[in-house]
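Have a look at the structure below, then the notes.
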Amino acid sequence: MKKALIAMSGGVDSSAAAYLMKEKGYDCCGVTMKLYDSMALACGEGTCCSTEDIEDARSVCGKLGIIHETVDFMADFEECVIIPFIEDYENARTPNPCIECNRKLKFGRLFELAKKRGFEKVATGHYARVSYDEKSGRWQLKKALDKFKDQSYVLYTLTQEELSFLELPNGEYTKDSIREVAENRGFVNARKKDSQDICFIPDGDYARFLEERRGGPYPEGKFVDANGNVLGKHKGIIHYTVGQRKGLGISSTEPYYVIQINPKTNEVVLGRKAELQKTKVRATNFNWVSICSPDKEVRCLGKIRYSHKGETGYAKALDDGTVEMNFDNPVYGVSPGQALVLYEGDLVLGGGTIII
């Protein structure tokens, strides 16, 4: 019997994934990654890694009759996710820590652990699909059938080797049907709320988190327009992201938006919505997932953040290793540090970190 290691957060999605993998005939083992000290945070609903989450995962494994264990990845999480998260905000980038957690831990350290212990597969509760294309000889990453829950955007870093080793059983189901699976099996977390995107900041106040880690507030500075005219005073650059409109405290007949953040001068540039639009976006550290790096332009759809519905255009790989996307219509709120992810229908072509 083939062995599968199941990444279990304590939530309903990974619990259902464990059941579905067992139904496929795998000898399963559930593993919960302890990523941070939840006792040091003001944990409420929607967190992960808490004692309750670990107990929920253990309870589900008991129901399924499979082994459960907890592995301590706190040092790795600090080094690979939290520190880069802080540094990105301090350097005027808007990070997506879920992407780095997937890259370095779920599909990095956890895969290493699985291979070391002789598992043939790793499964997670992500909503996406993996398949093998005989024609191209490549593993492919695709959107989930449930388009409202699709998480393929945060999985673009997957390599061919990782895709061959990965199972995403939830990708074939809707969220409602996954909850039904959990309820029918009597799982304690069947109706548990989904976790927050930033699991280590359960209240969503990332600025407070950054200031606590820094040991005090970030220095105030100037709001300026594109010509350098002073419009007011800001409370520290980490409080702002490109495209932000609320919380600026600037009175005007027409709303201002954050257009640019300059950490060297400690200035936040404000402008009107029209100044946010871009038709060209470039990304670095690009990973072509389902196709090889193309030698010509590719017609595709590009997403500039997780919640973005996407915009069509042409993408091309440049000689310096970056990828440039030219959109048919302007996109708004392009923020350095977020990901540009390219799609052809349901197929994830690749993705990288936005630099302009």
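Because only heavy atoms are used, hydrogens play no part in the values below, and waters and symmetry mates are left out as well, while side chains stay in. The structure displayed is predicted, hence computed values, not measured ones.
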(message) For Y89 and Y206, take the angle between the two ring planes, folded into 0 to 90°, and tell me which bin it lands in: parallel under 30, tilted 30 to 60, perpendicular over 60.
(response) parallel
(request) Compute whether any side-chain donor of one residue and acceptor of the other, for D176 and T174, lie under 3.5 angstrom apart. (result) no
(message) I'd like to know if the side chain of K147 reaches the main chain of A144, judged simply by a donor and an acceptor atom lying under 3.5 Å from each other, with no hydrogens or angles considered.
(response) yes
(request) Any chance you could measure L248, atom CG, to F223, atom CZ, to the nearest 0.5 Å? (result) 5.0 Å
(message) I'd like to check H126 versus L155 (side-chain heavy atoms, cut-off strictly below 4.5 Å). Are they in contact?
(response) yes
(request) Could you label the plane-to-plane angle of the Y36 and F77 rings as parallel, tilted or perpendicular, counting under 30° as parallel and over 60° as perpendicular? (result) tilted
(message) To the nearest 0.5 Å, what is the distance between CE on M8 and CG on D13?
(response) 11.0 Å
(request) Side-chain contact test, heavy atoms from C-beta onward, threshold under 4.5 Å: evaluate it for I291 versus Q140 and give yes or no. (result) no
(message) Does this structure show an ion pair linking E275 with R272, if we count only N-O contacts that are shorter than 4.0 Å?
(response) no
(message) Which heavy atom of C300 sits nearest to which heavy atom of Y343, and what is that distance?
(response) CB-O, 3.2 Å
(request) Taking only Lys NZ, Arg NE, NH1 and NH2, and the carboxylate oxygens of Asp or Glu, determine whether K149 and D194 approach each other closer than 4.0 Å. (result) yes
(message) I want to check something: taking the side chain as every heavy atom from C-beta on, are E23 and V181 in contact at a cut-off of under 4.5 Å?
(response) no
(message) Within this structure, what is the OG1-NZ distance for the pair T70 and K34, rounded to the nearest 0.5 Å?
(response) 8.5 Å
(message) Taking the side chain as everything from C-beta on, heavy atoms only, tell me whether I82 gets closer than 4.5 Å to R213.
(response) yes
(message) Within this structure, what is the CD-CG distance for the pair E267 and L270, rounded to the nearest 0.5 Å?
(response) 10.5 Å
(message) Between S290 (side chain only) and L141 (backbone N and O only), is there a donor and an acceptor less than 3.5 Å apart?
(response) yes
(request) For residues Y306 and Q151, report the shortest heavy-atom separation together with the two atoms involved. (result) OH-CG, 3.7 Å
(message) Both conditions, 6.0 Å and 45 degrees, for the charged tip of R214 above the ring of Y218: are they met here?
(response) yes
(request) Working to the nearest 0.5 Å, report the span between CD of Q160 and CH2 of W288. (result) 13.5 Å
(message) Looking at every non-hydrogen atom in both residues, tell me the closest pair between A283 and G352 and how far apart they are.
(response) CB-C, 3.8 Å
(request) For K121, look at atom NZ and say whether over 12 heavy atoms of other residues, nucleotides or ligands are found less than 6.0 Å away. (result) yes
(message) Check this for me: does any side-chain nitrogen of one of E220 and K233 sit under 4.0 Å from a carboxylate oxygen of the other?
(response) yes
(request) Quick one: do S15 and N189 satisfy side-chain hydrogen bond (donor to acceptor under 3.5 Å, both in side chains)? Show the steps, please. (result) CA-CA 8 Å; S15 297; N189 53 14; 2.9 Å; yes
(request) Kindly say whether the aromatic ring centers of F200 and F209 come within a distance under 6.0 Å. (result) yes
(message) Quick check with a 6.0 Å cut-off and a 45 degree axis cone: is K3 positioned over the face of F119's six-membered ring?
(response) yes
(request) Measure from the ring center of Y127 to the ring center of Y173 and say whether it is less than 6.0 Å. (result) no
(message) Any non-hydrogen side-chain atom of L231 less than 4.5 Å from a side-chain atom of V224?
(response) no
(message) Side chains of T312 and D328: any donor to acceptor distance under 3.5 Å?
(response) yes
(request) Decide whether a cation-pi geometry holds between K278 and Y332; the criteria are a distance under 6.0 Å from NZ or CZ to the six-membered ring centre and an angle within 45° of the ring axis. (result) no
(message) Are more than 12 heavy atoms, taken from residues, nucleotides or ligands other than K143, located less than 6.0 Å from that residue's NZ atom?
(response) yes
(message) Please report the interatomic distance CG(D56) to OG(S59), rounded to the nearest 0.5 Å.
(response) 6.5 Å
(message) Taking the side chain as everything from C-beta on, heavy atoms only, tell me whether D203 gets closer than 4.5 Å to R208.
(response) yes
(message) Can you confirm whether L342 sits close enough to L301 that some side-chain heavy atom of one is under 4.5 Å from a side-chain heavy atom of the other?
(response) no
(request) Please report the shortest heavy-atom distance between Y314 and R299, naming the atom on each side. (result) CE1-NH1, 3.2 Å
(message) Within the structure provided, determine whether V268 and I237 are in side-chain contact (heavy-atom separation under 4.5 Å).
(response) yes
(message) Can a side-chain donor-acceptor contact be found between Q338 and H308 if the only test is distance below 3.5 angstrom?
(response) no
(message) Taking the basic N atoms (NZ, or NE/NH1/NH2) and the acidic carboxylate oxygens, is any pair closer than 4.0 Å for E161 and K115?
(response) yes
(message) Less than 4.0 angstrom from a charged side-chain N to a carboxylate O is my criterion; do D27 and K22 meet it?
(response) no
(request) Determine yes or no for a side-chain-to-main-chain donor-acceptor pair under 3.5 angstrom, with R179 supplying the side chain and K192 the backbone. (result) yes
(request) Evaluate whether atom CD of E79 has more than 12 neighbouring non-hydrogen atoms of other residues, nucleotides or ligands under 6.0 angstrom away. (result) no
(request) Give the minimum heavy-atom separation between V289 and Y156, together with the two atoms involved. (result) CG2-O, 2.9 Å
